[in-house]
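Working notes for the structure below.
In what follows, chains are A, B, ... by sequence order, proteins preceding strands, each numbered from 1.
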There are 2 protein chains.
Amino acid sequence: MRYLEDFRTGDIHDLGTVTVTAEEIVEFAKRYDPQPFHTDPAAAELSPFGGLVASGWLTASLFMRRYVDTLLAGSACCGSPGIDELRYHRPVRPGDVLRARLTVLGSRPSLSQPDRGIVQPRCELLDADGAPVFSMILHSIFLRRPSATTA
Amino acid sequence: MRYLEDFRTGDIHDLGTVTVTAEEIVEFAKRYDPQPFHTDPAAAELSPFGGLVASGWLTASLFMRRYVDTLLAGSACCGSPGIDELRYHRPVRPGDVLRARLTVLGSRPSLSQPDRGIVQPRCELLDADGAPVFSMILHSIFLRRPSATTA
């Protein structure tokens, strides 16, 4: 079980890679972000993007899945109060293979709820050259390790 | 066609309502955010949330769909460089009926690309009492009205 105390400032976690497909871009966008450059390859070619690009919400969700599979599953995570400085550095396109990386910027116990605290990771998706394609500063709430609160 | 010039500081747009269902919470989370309080009603009851809650990425995506259906469809939108101050004010639960509202905080022509500009809307989902459940400051890029760039 991973608790607040298991996230230390400066820790860097490689969360593995995700491969973006045209099928998933179109399927996600038809439901949540039906703009032509996300849903229609022919219309996308005529758009300012010059081809199909992923909804930013899909890009963020693809990062999230890597975070859950590698760090949040089996953790004492209790959700998030929010996100800051979310940036799309370049469009995400079919065939992109993106590496997810998480860097712990800081963590602190909650002032109002002594059984938990907040971790602030910088979350990134990097392209094959290591350049950031997507980044954000997440605020993730975790319970403190039980021995730490009863000490 | 809606262009950059059609978003004026102070404009408030009612984007209609969205109803949150347990089925959609579970379906979305199984694919993108498989934490037990999003995917498993029984496990969610034992979690700090006391019941099933929506992934924050679903909440944001539900807002996005309202934004596309009411303002972005038939607009000259060219995507987004990012988002600031995204906040989850309280958990979103099955049965919630949330009203989407967009307030234009500002807009400006691009310095580097004279054919477009950036609009900054505050985006919110409000509960039945009008209290914010979700909010963010989005940065949306729109082409300028053709007559404005050739003038």
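The greatest number of non-hydrogen atom pairs below 4.5 Å with chain A, out of B/Q35, B/R31, B/M136, is found for B/R31. Between chain A and the options B/S80, B/P48, B/P81, B/C78, the largest number of non-hydrogen pairs under 4.5 Å is found for B/P81. Of the residues considered (A/G56, A/C77, A/A73), A/C77 shows the highest number of contacts with chain B, using heavy-atom pairs under 4.5 Å. Note: A/I83 leads A/L62, A/L143, A/I83, A/D33 in heavy-atom pairs under 4.5 Å with chain B.
Taking the six-membered ring where tryptophan is involved, the planes of B/Y32 and A/F28 are perpendicular, since the angle between them exceeds 60° and thus also 30°.
Residue A/S47 does not touch chain B at all, counting heavy-atom pairs closer than 4.5 Å. Both the backbone and the side chain of B/P34 come within contact range of chain A, with heavy atoms under 4.5 Å apart. There is no contact between B/I137 and chain A, counting heavy-atom distances below 4.5 Å. B/F63 does not touch chain A: none of its heavy atoms, backbone or side chain, sits under 4.5 Å away. Looking at A/R66, there are no atoms closer than 4.5 Å to chain B (heavy atoms on both sides), in backbone or side chain. Contacts between B/F49 and chain A at a heavy-atom distance below 4.5 Å involve the side chain alone, from C-beta outward.
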List the steps and the verdict of side chain to side chain donor-acceptor pair (under 3.5 Å) for B/Y67 and B/S140. CA-CA 11 Å; B/Y67 184 27; B/S140 286; 3.1 Å; yes
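Under a hydrophobic-cluster definition in which Ile, Leu, Val, Met, Phe, Trp and Tyr are linked whenever side-chain heavy atoms come within less than 4.5 Å, directly or via other members, A/V18 and A/Y88 are assigned to the same cluster.
A donor and an acceptor atom, one from each side chain of B/T70 and B/H13, are nowhere located under 3.5 Å apart.
Across A/R122, A/H89, A/E85, a single residue satisfies side-chain hydrogen bond (donor to acceptor under 3.5 Å, both in side chains) together with A/S135, and that is A/H89.
Ion pairing between a basic and an acidic side chain is recognised when a charged N comes within 4.0 Å of a carboxylate O; A/D96 and A/R90 show such pairing.
Looking at heavy atoms from C-beta onward, B/S75 lies out of side-chain contact with B/M1 at the 4.5 angstrom threshold.
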